[in-house]
*Asks:* 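Sharing a structure with you now.
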Amino acid sequence: LFTTEPKNLKELRKAPDADLWVEAMKKEIKTLVDMGTFKGIKVTDPEADKRRMKTTWVFKVKRDEHGRFVKRKARLCACGYSMRNGVDYHETASPVLQKDEARLLFALQAIFCLKALQFDIVNAFTTAPADTEIYIGLPDGIDLIGPVKIDENHMLNDKDLLLLKLLKILYGTKQGTRLFYKFLREKLLAKGFVPLGASPCILYRWHEGVIMIAGVYVDDVAVLTNNPEKTKELMMNLGGGITMKYEGEVANFIGMTIESNNDEIRIHRRQGIVDMIEEFELGDAKCNEIPMSGQLEAGDESFNGNYRTLIGQLLYLDKLCRPDICAPVSMLSSFNDKPTVACWKAAKGIVKYLNGSKDMYLSYKFGEPNLKQKLSITAWSDADYATDKVDRRSRTGVVLYLNDCLIDWCSVKQKSVALSTCEAEYMAMADAAKRIKWLCFVLDELGLCYDVPVLYTDNQAARSIAVNDTLKSKTKHIDI
């Protein structure tokens, strides 16, 4: 099956499967028309013509969590780079579900033996009304799409039709994500959901013994529940023009592959690792047993290849489900501006390690379906001391567990230069304490019980400052 993704219409016209991509384009236009996304107008206002925004087609092959072909998708997007602040849009900020928040949801699923259902919102952005007057030009490829009735008075290929006025938000507009989040949030609130103050993309609903905890990632929604049938009925009838597509139990969410059996939930990204190995042609290379050996010596010989591409993919993998590569990837990412040959070799070494460990996964063991049980929060913090010979800043390492479920980790440079190992460890403890506090906020809002959190460190001096508020000769400058 030929499934190459065309980058533009020019490539599409030459593609062997061009007719199948054209069908995807027709389906997209029909969906936009059915949802009342725009209406045709003739240019009578010069100002409207000045605000005309270009559009572009984005073609994507949709695959499942195993990399198998699902369908071709054509998306008509606005070229939002030409939008003017204060005229075409105002506010753009919008919350999005973070990777640690998603892992927290799956940890709660395992601990309380809940089901995780996945829903996809069809043409999500086009359900939210536009908040400003936005005009777009006619989309390219009209000759391929053919005549389409876009409203009572106009066909898409009318010669007199020069502009389309957006009534709903189109993908690519700067305020699109914000307006859709607000619109979806209103519909969930109307159904009794309550957003968390600590994580606004997590909403919960406890009603008549039915538990629902929803995680919203743009147009993908994962809902934890103890009653799948009632949850499915409620989510499929949100109203307001929102069309939900039920996709069964969660299998692939924000890039993470989710597998569950009777004993545990497994989170991994095996297919993504396989694709990375193929892209960088390292499939036949000898596998490394560890991600990186010792401290990196960057050297002076510069490297001009696609270093940033590889580091970006490794960072994404680290944030999703591979804490074992967190520290070396963080170190290598500091050389993105001026990578060296040594950095490139070290980055490829991580890929070789992944090649031998691509079947590794995060494991969340199933517990007891008892919402009254007390949860345990445990964190470990550590720090090196001035190992970077360039700026002499120390590095913080933190892991955070809810019961036996690893939900958060980090390996980052500290913001300032520590003057002692005690100070470096103390700053690492402060970072861990912030993550613990966030988790406590979330559990408190969900009404879940937990024991006093425990933070482990291997530095007695740092522990002494944190517990006893002692001052010594080398820590007098520490105020908080």
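Throughout, residue positions are numbered sequentially from 1 according to the sequence presented.
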*Asks:* Would you say the side-chain atoms of D391 pair up with the backbone N or O of R393, donor to acceptor, closer than 3.5 Å?
*Replies:* yes
*Asks:* With a 6.0 Å cut-off (strictly less than), is the heavy-atom count around CG of D284, excluding the residue itself, greater than 12?
*Replies:* no
*Asks:* Return the minimal non-hydrogen interatomic distance between S381 and M429, and the atom names on each side.
*Replies:*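 So the two residues come closest at OG-CG, 3.4 Å.
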*Asks:* Say you draw a straight line from NZ of K372 to CZ of F112; how long is it, rounded to the nearest 0.5 Å?
*Replies:*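 It comes to 10.5 Å.
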*Asks:* Any donor and acceptor pair, going by atom type alone, linking the side chain of N288 with main-chain N or O of G349 inside 3.5 Å?
*Replies:*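 Yes; at least one donor-acceptor contact below 3.5 Å.
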*Asks:* Let's go through Y450 and D444 carefully: what are the C-alpha distance in whole Å and the side-chain angles of both, what is the deciding distance for side-chain hydrogen bond (donor to acceptor under 3.5 Å, both in side chains) to 0.1 Å, and is it a yes or a no?
*Replies:* CA-CA 9 Å; Y450 56 89; D444 286 338; 3.0 Å; yes
*Asks:* For the pair W380 and Y456, name the ring-plane relationship: parallel under 30°, tilted 30 to 60°, perpendicular over 60°.
*Replies:* parallel
*Asks:* With side-chain contact (heavy atoms from CB on, under 4.5 Å) as the test, pick out the partner of K73 among K27, E28, E5.
*Replies:* E28
*Asks:* Within a 6.0 Å radius of atom CZ on R463, are there more than 12 heavy atoms belonging to other residues, nucleotides or ligands?
*Replies:*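 At most 12 heavy atoms, drawn from other residues, nucleotides or ligands, come within 6.0 Å of this atom.
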*Asks:* So which heavy atom on S411 is nearest to which on A327, and how close?
*Replies:* OG-CA, 3.4 Å
*Asks:* Closest heavy-atom contact between Y181 and P200?
*Replies:*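 It is OH-O, 3.0 Å.
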*Asks:* Below 4.0 angstrom, N of the basic side chain to O of the carboxylate: do D404 and K365 qualify?
*Replies:* no
*Asks:* Look at atom NZ of K115 and say whether more than 12 heavy atoms of other residues, nucleotides or ligands are closer to it than 6.0 Å.
*Replies:*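 No.
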*Asks:* Measure the spacing between CD1 of I169 and CD1 of I134 and express it to the nearest 0.5 Å.
*Replies:* 4.5 Å
*Asks:* Is atom NZ of K413 surrounded by more than 12 heavy atoms (other residues, nucleotides or ligands) closer than 6.0 Å?
*Replies:* yes
*Asks:* Looking only at heavy atoms, what is the nearest atom pair of M292 and A346, with distance?
*Replies:* CE-CB, 4.1 Å
*Asks:* Checking S330 side chain against C326 main chain: does a donor-acceptor pair fall under 3.5 Å?
*Replies:*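 No.
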*Asks:* Supply the atom-to-atom distance F119 CZ to K245 NZ, rounded to the nearest 0.5 angstrom.
*Replies:* 13.0 Å
*Asks:* Can we say R270 and D359 salt-bridge, meaning some charged N sits less than 4.0 Å from an Asp/Glu carboxylate O?
*Replies:* yes
*Asks:* Using atom types as modelled and distance alone, determine if a side-chain donor or acceptor of R392 lies under 3.5 Å from a backbone N or O of V417.
*Replies:*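 Such a contact is absent between R392 side chain and V417 backbone.
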*Asks:* If the plane angle is over 60° it's perpendicular, under 30° parallel, otherwise tilted; pick one for Y204 and W206.
*Replies:* perpendicular
*Asks:* Under 3.5 Å, is there a donor-acceptor pair between the side chain of N261 and the main chain of E264?
*Replies:*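 Such a contact is found between N261 side chain and E264 backbone.
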*Asks:* Is it true that D100 and R435 make a salt bridge, defined as a side-chain N closer than 4.0 Å to a carboxylate O?
*Replies:* no
*Asks:* Can you tell me which residue among V194, V223, V216, V221 is in a side-chain contact (heavy atoms from CB on, under 4.5 Å) with L203?
*Replies:* V216
*Asks:* Taking all non-hydrogen atoms of both residues, which atom of L314 and which atom of I350 are closest, and how far apart?
*Replies:*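 Nearest pair, atom of L314 first, then I350: CD2-CG2, 4.0 Å.
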*Asks:* If we ignore hydrogens and angles and just use 3.5 Å, is the side chain of K168 paired with the main-chain N or O of M35 as donor and acceptor?
*Replies:* yes
